[in-house]
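This report refers to the structure that appears directly beneath it.
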Amino acid sequence: MADLGPVVWPPAPLRTERLVLRESEARDRAAFIDLFASSEVRTYLGGPRPRAELANAVPEVPGRRPGVFVVDHDGAMIGIVTLDRRDAERPGHVRPDAGEAELSYMFLPEAWGCGYASEACAAALAWFTDAFPGDPVVLCTQAGNDRSVRVAVKLGFTEVERFEEFGAEQWFGVWSSVPRSG
């Protein structure tokens with residue numbers, strides 16, 4: 001992923017009704033490993049990575065870079081939301097020069113079905129709109145990942161194309177700042 005761009009990082013923690021989006025801390029390391037080792041979480045993301053490999057590779061404070069928000073619920077990490085610049089070499093762009101911001105998210109399975117992804121992503125999108133007014137935001141997920149597509153649509157992403165990447169059909173959408181109900 002390309003650098004997000006000129007922005008003060010980390011921002012003050014973003015607070016929603018139930019969540020805090022904040023910078024990563026050392027106490028989040030185990031949850032990062034759980035995310036990347038989970039076969040459920042990684043079903044549409046290339047599969048789980050071996051826990052032993054992650055134990056050696058994940059730094060003491062993982063995900064500490066501009067654009068990575070830890071999603072905290074009641075003092076514990078339940079997922080991450082990221083905003084990065086989409087690589088120009090990848091398919092799926094809405095700008096002729098590429099470099100759109102791309103939203104992505106991963107949540108631990110025990111946090112699924114509670115609306116946390118929508119809530120956290122909406123807060124991250126609001127922050128991004130303030131930090132980068134007028135910049136488009138895109139989202140790409142496997143077309144077969146119904147849950148992720150539903151979150152994207154609920155957030156206000158509109159499908160603009162589908163293409164083959166990573167051996168699967170991808171759903172590619174662009175964000176309009178007016179979220180849909182449902």
Side-chain angles (χ1 to χ4, degrees), residues 1-5 7 14 16-19 21 35-36 38-49 63 65-71 73 78-182:
M1 291 288 172
D3 186 33
L4 187 58
V7 65
L14 308 179
T16 71
E17 184 177 325
R18 304 176 295 168
L19 307 170
L21 279 69
L35 271 177
F36 287 93
S38 170
S39 59
E40 290 172 287
V41 172
R42 303 281 303 169
T43 297
Y44 298 100
L45 298 169
R49 292 185 50 199
R65 65 175 175 77
V68 177
F69 290 99
V70 163
V71 181
H73 180 259
I78 61 167
I80 59 173
V81 173
T82 62
L83 284 155
D84 290 296
R85 296 291 171 180
R86 188 165 175 82
D87 292 331
E89 302 80 36
R90 293 189 61 204
H93 293 282
V94 295
R95 286 180 157 175
D97 60 345
E100 305 89 342
E102 181 173 12
L103 176 74
S104 60
Y105 40 87
M106 288 192 299
F107 284 80
L108 294 167
E110 55 268 26
W112 293 1
C114 301
Y116 297 138
S118 298
E119 187 175 330
C121 289
L125 287 165
W127 170 83
F128 183 84
T129 299
D130 288 342
F132 299 94
D135 270 20
V137 181
V138 298
L139 184 147
C140 189
T141 188
Q142 277 193 28
N145 188 347
D146 296 332
R147 295 173 82 102
S148 185
V149 171
R150 280 195 306 273
V151 168
V153 169
K154 183 176 181 180
L155 288 166
F157 284 86
T158 301
E159 181 179 349
V160 291
E161 70 176 302
R162 291 187 184 214
F163 49 81
E164 186 84 13
E165 187 181 31
F166 307 120
E169 182 182 44
Q170 303 297 315
W171 184 99
F172 181 78
V174 65
W175 184 61
S176 115
S177 60
V178 181
R180 298 179 187 169
S181 60

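This chain uses plain numbering: 1 for the first residue, then up along the sequence. Fair warning: this is a prediction, and the values are worked out from it, not measured in the lab.
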Original post:
What pairs with A88 under side-chain contact (heavy atoms from CB on, under 4.5 Å), at least two apart in sequence or on another chain?
Top reply: A98

Original post:
Within a radius of less than 6.0 Å around CD of E110, do more than 12 heavy atoms belonging to other residues, nucleotides or ligands occur?
Top reply: yes

**OP:** Please assess W171 against R162 for the test side-chain contact (heavy atoms from CB on, under 4.5 Å), listing each intermediate value before the final yes or no.
**Re:** CA-CA 5 Å; W171 184 99; R162 291 187 184 214; 3.5 Å; yes

**OP:** Mind checking side-chain hydrogen bond (donor to acceptor under 3.5 Å, both in side chains) for Q142 and listing every partner two or more places apart, or none if nothing turns up?
**Re:** none

Original post:
For V149 and A143, which heavy atoms make the closest approach, and how far apart are they?
Top reply: CG2-O, 4.2 Å

Subject >> Pairs meeting criterion salt bridge (Lys or Arg N to Asp or Glu O under 4.0 Å) with involvement of residues 111-128, two or more places apart >> reply: R18-E119

Original post:
Which pairs pass salt bridge (Lys or Arg N to Asp or Glu O under 4.0 Å) with one or both residues in residues 139-151, sequence neighbours excluded?
Top reply: none

Subject >> Listed partners of F132 passing ring pair (Phe, Tyr, Trp, His ring centres under 6.0 Å), at least two apart >> reply: F128

Original post:
Shortest non-hydrogen contact from A122 to L155?
Top reply: N-CD2, 3.7 Å

Subject >> Contacts of type ring pair (Phe, Tyr, Trp, His ring centres under 6.0 Å), residue H93, not counting sequence neighbours >> reply: none

Original post:
Do you know the tightest heavy-atom contact between R42 and L35?
Top reply: CG-O, 3.7 Å

Subject >> Smallest separation among heavy atoms of R86 and P91, with atom names >> reply: NH2-O, 2.5 Å

Original post:
Closest approach of V81 and A120, non-hydrogen atoms and distance?
Top reply: CG2-CB, 3.9 Å

Original post:
What are the two closest non-hydrogen atoms of V41 and M106, and how far apart are they?
Top reply: CG1-SD, 3.9 Å

Original post:
If we only count heavy atoms from C-beta on, is the V137 to F157 side-chain gap below 4.5 Å?
Top reply: yes

Original post:
With sequence neighbours excluded, what pairs up with E40 under the side-chain contact (heavy atoms from CB on, under 4.5 Å) test?
Top reply: S38, P109, W112

Subject >> With sequence neighbours excluded, residues passing side-chain hydrogen bond (donor to acceptor under 3.5 Å, both in side chains) with E161 >> reply: none

**OP:** Using side-chain contact (heavy atoms from CB on, under 4.5 Å) as the criterion, list what pairs up with V174, not counting sequence neighbours.
**Re:** V94, V138, V160

Original post:
CG/L139 to OG1/T158 distance, rounded to the nearest 0.5 angstrom?
Top reply: 11.5 Å

**OP:** Name all residues meeting the ring pair (Phe, Tyr, Trp, His ring centres under 6.0 Å) criterion together with Y44; count only those two or more places apart in sequence or in a different chain, and write none if there are none.
**Re:** none

**OP:** Report yes if some heavy atom in the side chain of L45 is under 4.5 Å from a heavy atom in the side chain of F36; otherwise report no.
**Re:** no

**OP:** Using a strict 4.0 Å threshold on nitrogen-to-oxygen distance, state whether R95 and E100 make a salt bridge.
**Re:** no

Original post:
Roughly how far, to the nearest 0.5 Å, is the CG atom of L125 from the CG atom of L83?
Top reply: 6.5 Å

**OP:** Taking the side chain as every heavy atom from C-beta outward, state whether R90 and Q170 have any pair of such atoms under 4.5 Å apart.
**Re:** no

**OP:** Under the side-chain hydrogen bond (donor to acceptor under 3.5 Å, both in side chains) rule, collect the residues that match up with S148, sequence neighbours excluded.
**Re:** Y105, T141

Subject >> Residues forming a side-chain contact (heavy atoms from CB on, under 4.5 Å) with A131, sequence neighbours excluded >> reply: V7, W127

Original post:
Would you call L103 and W175 a side-chain contact if the rule is heavy atoms closer than 4.5 Å?
Top reply: no

